[in-house]
Peer 1: 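For reference, the structure I am asking about is given below.
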Amino acid sequence: MSAYASNKTGTSPLHAFALAAAMLLGLAGGAAAQQVRPADEAPPPAATRAAPAAPADGGIRSQNIFDVKPDADQQPGYMNQSNAERNRVQPGNNAPLWRAVGNGVAGTSSLPPSQAPEAGVLIQPQVQYPGSRFTTAGEAWRQVRNIWIIPYGGALLLIMLGALAIFYFTKGPIGSPMHEGGRRIERFTPFERSAHWANAIAFVVLAISGLVMAFGRYILQPLIGTTLFGWLTYALKTLHNFVGPLFVVSMIIVFVVFVRDNLPQRGDGRWIFTAGGTLSKQPVPSHRFNAGEKFVFWIGVLLLGAIVIGSGLVMDMLIPGLLYDRGTMQVAHMIHAVAAVLMMVMFLGHIYMGTIGMRGAYRAMREGYVDDEWAREHHGYWHDDIVAGRIPAQRSTTHPTGPAAADVRPA
């Protein structure tokens, strides 16, 4: 019966007594072997303590916290220490390593430099772009974009739209409308109109897609949601990249076709000083293109157009022999964005005058012809040259449906 009870409990009285005796003997032996240190005796210095032995299997050795020197930064040359030197006085302090990474040091990469020139560079070196602090290049580019280009570029576009709206509602469309049935003069040939419309359509597509990519996050995304905005931005970015080359070709054609009539001529200075007759309240004669149109041509089409096209080709990586790293793309983007905003501001005025701002201007570009009175009112010198026979009134083989333009004679 006792054996059965012993098996049920797992321990017999005799077994329990033997375990208790063994524990007492072990404690007594440990107390006898321990050397008692006096209470006023200081612990041994760290230099005399034995360092923990390195593991036999080559693993990581534990670090004694008393070996770390918290005042190591007071030593001479502390900031010039290598990562290995720093680790000896402050184990685990990898500041030299990350300082080098932050300064643009290049590590080792298996990717070829021709395809990935910055594969070993984790963080770009520090620079200072115009309008940014002296910081890493990526952060400097972000500051220029978000602090200067986006807010001031958007404000400039809104100011231009507001100014055009005020001008329209206070002045209204300028000039006289076209007269039906009068003698007609060919202002733009079919080839000129085709080149102009191709360039205009490409510009509108590029402008809208660029505005969505720049300002859509602040305007469209809260309205349509992140998912739809992401798809829209991706589609417009792809369209932007494909329409860009068409804009380049059409811009070159427009420049070649219209450069001759945009050279400075007599009367341009008077047109500028009177703002096209707005200040003098009298019509100011001009040649085929007035001084305002010439200004748009040379500054908007040639100068800003060349900057926008060149920087766009860089961002599309279409210029051979150029190192396409992050710094190149950042600089190209800043130049592209600034020039594009200025170009849009200038072309807004041109679009306004070519549509609702001047009566008959849109019809001239759509159909190619203007009547005799419209030419005399808006481009008096050009009309005089046509009447005198120095410029042909009909320059293409396509003839108008009304009275022949060749019927124009001196009054």
Side-chain angles (χ1 to χ4, degrees), residues 164 168 171-205 207 246-247 249-262 271 276-277 283-297 300-301 346-411:
L164 294 176
Y168 178 78
K171 297 292 184 179
I174 62 176
S176 302
M178 293 276 191
H179 297 283
E180 297 294 339
R183 293 174 296 187
R184 306 180 72 187
I185 300 173
E186 187 178 32
R187 179 158 174 79
F188 300 107
T189 65
F191 180 78
E192 292 172 343
R193 286 184 285 128
S194 299
H196 178 272
W197 282 116
N199 185 254
I201 294 173
F203 172 79
V204 171
V205 172
L246 173 62
F247 179 75
V249 176
S250 61
M251 183 70 79
I252 295 174
I253 296 176
V254 165
F255 177 80
V256 174
V257 169
F258 294 110
V259 63
R260 179 179 178 181
D261 290 322
N262 278 280
W271 195 99
V284 179
S286 65
H287 295 272
R288 187 188 179 197
F289 299 117
N290 57 45
E293 293 171 310
K294 293 178 180 180
F295 181 80
V296 172
F297 180 84
V301 175
M346 185 171 293
F347 278 20
L348 278 175
H350 178 71
I351 294 172
Y352 168 79
M353 295 302 297
T355 53
I356 63 176
M358 177 181 291
R359 296 183 179 92
Y362 174 74
R363 184 175 176 181
M365 180 54 68
R366 185 187 64 189
E367 299 177 359
Y369 290 90
V370 296
D371 66 85
D372 189 40
E373 294 300 326
W374 190 95
R376 180 184 292 109
E377 177 183 0
H378 295 285
H379 302 274
Y381 294 144
W382 177 60
H383 179 266
D384 292 342
D385 290 338
I386 292 177
V387 171
R390 290 186 290 269
I391 298 177
Q394 178 70 33
R395 294 182 296 122
S396 67
T397 57
T398 303
H399 295 281
T401 56
D407 292 340
V408 178
R409 294 290 185 272

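Since we're looking at a predicted model, the values are computed, not measured. Along the sequence shown, the residues carry numbers beginning at 1.
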Peer 1: For residues Ala361 and Met353, report the shortest heavy-atom separation together with the two atoms involved.
Peer 2: CB-O, 3.6 Å

Peer 1: Nearest 0.5 Å please: distance from the CG atom of Asp385 over to the NE2 atom of His287.
Peer 2: 7.0 Å

Peer 1: If you round to the nearest 0.5 Å, how far is CG of Asn199 from CZ of Phe247?
Peer 2: 5.0 Å

Peer 1: Can you confirm whether Phe297 sits close enough to Phe289 that some side-chain heavy atom of one is under 4.5 Å from a side-chain heavy atom of the other?
Peer 2: no

Peer 1: Which heavy atom of Ala195 sits nearest a heavy atom of Val254, and at what distance?
Peer 2: O-CG2, 3.6 Å

Peer 1: Got a second to check how far Arg359's CZ is from Ser176's OG, nearest 0.5 Å?
Peer 2: 7.5 Å

Peer 1: Any side-chain heavy atom of Phe295 within less than 4.5 Å of one from Trp271?
Peer 2: no

Peer 1: At what distance, to the nearest 0.5 angstrom, does NE2 of His383 lie from CZ of Arg288?
Peer 2: 15.0 Å

Peer 1: side-chain hydrogen bond (donor to acceptor under 3.5 Å, both in side chains) between Glu186 and Ser396: does it pass, once the steps are laid out?
Peer 2: CA-CA 8 Å; Glu186 187 178 32; Ser396 67; 2.4 Å; yes

Peer 1: Nearest 0.5 Å please: distance from the CZ atom of Arg376 over to the CG atom of Asp371.
Peer 2: 9.5 Å

Peer 1: So which heavy atom on Met178 is nearest to which on Gly360, and how close?
Peer 2: CE-O, 3.3 Å

Peer 1: Please report the interatomic distance CH2(Trp382) to CG(Asp261), rounded to the nearest 0.5 Å.
Peer 2: 9.5 Å

Peer 1: Are Glu367 and Arg184 within salt-bridge range, i.e. N to O under 4.0 Å?
Peer 2: yes

